[in-house]
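Note that ligands are numbered from 1 as they come in the structure, with each ligand's atoms numbered from 1 the same way.
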Amino acid sequence: QAKHSSDDSTVVFNTHLETELSQQVKLEQQLINALDRRELTVAFQPVIDARSGDLCGVEALARWNSESGPIAPDVFIPVAEKAGLIGILGSQILEEAIAQGSRWPGLQIAVNVSPLQLRNRYFAGGLKATLDKFAFEPHRLTIELTEGVLISNADQARRSISEIRALGIKVALDDFGSGFASIGSLRQFRFDRVKLDKSLVANILHDAQAAEVLDATIKLVNALGVPVTVEGIETRHQAEFARVAGSHQLQGYWFSKPLSKEELTARFLDNRRIESPGKAASFAPTS
Ligand code: C2E
Ligand code: MG
Ligand code: MG
Ligand code: MG
């Protein structure tokens with residue numbers, strides 16, 4: 001009897017595995033087709049200067065509206081990474097972000113890059129070719145990297161980062177506080193900016209310890225001489241708390257959700273106010 005049930009559970013396990021596998025394969029095939037037809041788009045989320053409330057830049061975020069509805073980047077980015085598609089996906093997103101950015105003179109654009117993309121020794125060269133193609137100034141671009149890049153002891157990733165910097169492009173550490181990135185690694189890499197993960201902000205209203213941790217983390221990063229952006233700002237209280245704690249830039253639904261390029265242009269960047277992006281628009285919260 002015992003043997004029987006263990007056999008049964010083996011069968012159940014395999015069936016689960018097969019379903020999951022075939023779903024993964026299906027998604028992978030859909031993604032290949034989407035990339036082939038260049039169906040992925042880019043949304044732009046405003047980043048706000050904490051003191052003035054003005055728009056100071058945007059983060060480009062990949063969007064995929066598949067035949068079966070929208071699929072979140074947290075789902076399709078890992079699929080692309082596993083399937084060896086992240087290079088082509090990343091270059092499509094980058095090209096679209098830069099092409100659009102070149103129509104918003106002066107605006108800072110941040111693009112997320114997978115640590116895997118940096119292992120390609122032609123990454124920095126490709127990046128430069130894209131900037132040249134659109135005459136986009138390198139100092140207007142920030143590459144956002146997650147801490148995966150710190151643990152990968154891939155020498156090529158480090159070389160790519162040096163090459164990116166040598167081009168005058170900025171490098172930010174994304175999602176700090178969500179994992180295990182250490183103070184030592186922050187000092188070693190000397191990032192141009194650190195973005196604090198939204199999990200650090202989520203509970204500060206009701207959890208006094210969470211509030212202290214956020215405050216201390218902002219001050220810690222500032223003490224290392226690195227400017228901070230706090231992500232996931234959903235309330236006025238969170239915006240005010242992060243600003244007072246010393247965060248210079250804020251990002252989150254309180255100010256704006258990620259927008260299509262048309263929405264961003266219409267809401268914040270029309271009337272040539274783009275000439276001075278710092279004054280492009282005073283951000284009235286959207287809710
Ligand atoms: P991320 O780079 O940390 O981007 C911030 C995420 O938080 C975005 O999710 C954004 O829509 C969401 N967000 C912004 N404000 C708020 C808020 O106030 N509250 C909450 N709850 N969420 C907020 P999204 O667009 O779903 O992207 C998820 C992640 O997928 C990104 O996290 C990034 O790691 C990855 N990703 C997105 N686009 C790309 C890409 O082009 N390349 C790569 N390699 N990764 C990407
Ligand atoms: Mg990011
Ligand atoms: Mg983040
Ligand atoms: Mg993230």
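- Under 3.5 Å, the side chains of Ser160 and Arg121 contain no donor-acceptor pair of N or O atoms.
- Under the rule for a side chain to side chain donor-acceptor pair (under 3.5 Å), the partners of Glu96 that lie at least two apart in sequence or sit in another chain are Lys261.
- Taking the ring centroids of Phe191 and Phe189, they lie under the 6.0 Å cut-off.
- Ligand 1 lies within reach of Glu59, whose nearest heavy atom is under 4.0 Å from it.
- Within ligand 1, counting atoms from 1 as listed, the ones closer than 4.0 Å to a heavy atom of Pro258 are 11 (O).
- Between the side chains of Gln251 and Lys195, at least one donor N or O sits under 3.5 Å from an acceptor N or O.
- With hydrogens and angles disregarded, a donor-acceptor distance shorter than 3.5 Å links the side chain of Lys170 to the backbone of His139.
- Not a single N/O/S atom of Asp175, whether from backbone or side chain, sits less than 2.8 Å from the Mg ion (ligand 2).
- Within the structure, the closest approach of Lys257 to ligand 1 does not fall below 4.0 Å when heavy atoms are considered.
- Within the listing of ligand 1, atoms 14 (C), 15 (N) sit less than 4.0 angstrom from a heavy atom of Gln45.
- Asn112 lies close to the Mg ion (ligand 2), since one of its N, O or S atoms is found at a distance under 2.8 Å.
- The nearest non-hydrogen atom to atom 3 (O) of ligand 1, considering only Thr146, Val111, Asp175, comes from Asp175.
- With the Mg ion (ligand 2) as the vertex, OD2 (Asp174) and OE2 (Glu59) define an angle of 180°, rounded to 10°.
- Residue contacts to the Mg ion (ligand 3): Glu144 brings no N, O or S atom closer than 2.8 Å.
- With hydrogens and angles ignored, the 3.5 Å screen pairs a side-chain donor or acceptor of Gln238 with a backbone N or O of Val201.
- Surrounding CG of Leu205 are more than 12 heavy atoms belonging to other residues, nucleotides or ligands, all under 6.0 Å away.
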